[in-house]
Amino acid sequence: MPELPEVETIRRGLAHVMSGRRILRAELRRADLRRPFPPALAERLQGARIGALGRRGKYLLIELDDDGILILHLGMSGRITAGAASPAGRHDHVVLTLDDGSHIRFNDPRRFGLLDYTSRAQLARHPLLADLGPEPLEPGFDGVYLTAALAGRTTPLKSALLDQRVVAGLGNIYACEALYRARLSPRRRAGAIGRDRAARLAAAIRAVLEEAIAAGGSSLRDYVRADGGLGYFQHRWAVYGREGMPCPGCDCAEGVRRIVQAGRSTFYCAKRQR
DNA sequence: AGACGTACCTGACCGC
DNA sequence: TGCGGTCAGGTACGTC
């Protein structure tokens, strides 16, 4: 599921039910996801007091006791649900029992997600986080930055946006949607977009992410239900998954075009995006 | 260094 | 109904 807006929505929803609670029990129902769980993970979780929940790009960060941080990535198919105790289901890989009796479940059919554990002091240097680009919703992410970050890159603009070193948290959907809003062709060479277009793109990225978070936030209560229903942004997608259909307000006969870039589907309007 | 293909997994969907 | 093929929101690694 998860790009930045979904992880942020999850973070906010989980903070309500997790922060301040103690973990009574941590059940690891297998030894790995994308890679092995860190050593003694269950022991470190068990008994820990949960602090604030943070986010960096698509990584969810859960403070434990005074110095621990649980790092969690949802991969392609990861979900976290919270609710009353019930038997673990298929693909529920990690189940936490909190001191109010509720269960937090990490479910991930494809197992591209991961869990790791570090300390607050080491967090910024953690290999998973050290090379991430700026948070697009924080100050400093603008046309000047983007121009510099993309300088010299010959890869298509769309592919560059998926590079987490350029900007943290964009995935395939929102990269497509942001380019549509900025009216920029995904095929344009990344290193050659220029200051004005870069500023347009940075603003479009911010706008699409903020709207998606707002849409997710509106169904926040739903999200933390046991069924994991999530306020995804899909009803507002202008181009993603809409091959052959018109983009909003567009009269081009062809409709949204789908191409493959670096092995990923890209959706765009060839008339409005140049 | 940067760009590309491939691998990791399961599930949903489509056409036959 | 079943079967094979294709595709999927992400990242890491090897190779050129």
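Proteins get letters first, then strands, A, B, ... in listed order; numbering begins at 1 in each.
- Note on R258(A): only backbone sugar-phosphate atoms sit closer than 4.0 angstrom, heavy atoms only; bases stay farther off.
- Spacing of P atoms, dC3(C) relative to dC9(B), comes out at 24 Å, to the nearest Å.
- The aromatic ring of F112(A) sits over the base of dC8(B), with ring centres less than 5.5 Å apart and planes tilted by under 30°.
- The residue R35(A) sits apart from the nucleic acid: no heavy atom pair falls under 4.0 Å.
- In this structure, R242(A) contributes its side chain and A238(A) its backbone to a donor-acceptor pair below 3.5 Å.
- The phosphate of dA3(B) (OP1 or OP2) has a side-chain N or O of R153(A) nearer than 4.0 angstrom.
- Checking dC9(B) for Watson-Crick or G-U wobble geometry (two distances, each under 3.5 Å) identifies no partner in any strand.
- Of the two residues contacting DNA chain C, namely L162(A) and R110(A), the nearest-nucleotide position lying further toward the 5' end is that of R110(A).
- Within the 4.0 angstrom heavy-atom criterion, only backbone atoms of the sugar-phosphate kind lie near G171(A); the bases stay farther away.
- The residue L33(A) sits apart from the nucleic acid: no heavy atom pair falls under 4.0 Å.
- Under the 3.5 Å distance criterion, the side-chain polar atoms of R125(A) are matched with a main-chain donor or acceptor of A121(A).
- In this structure, S159(A) reaches neither bases nor backbone, as no heavy-atom distance under 4.0 Å exists between it and the strands shown.
- In this structure, D92(A) does not pair ionically with R29(A), as no charged nitrogen and carboxylate oxygen lie closer than 4.0 Å.
- Under a 4.0 Å N-O distance rule, the pair R165(A)/D131(A) does not qualify as a salt bridge.
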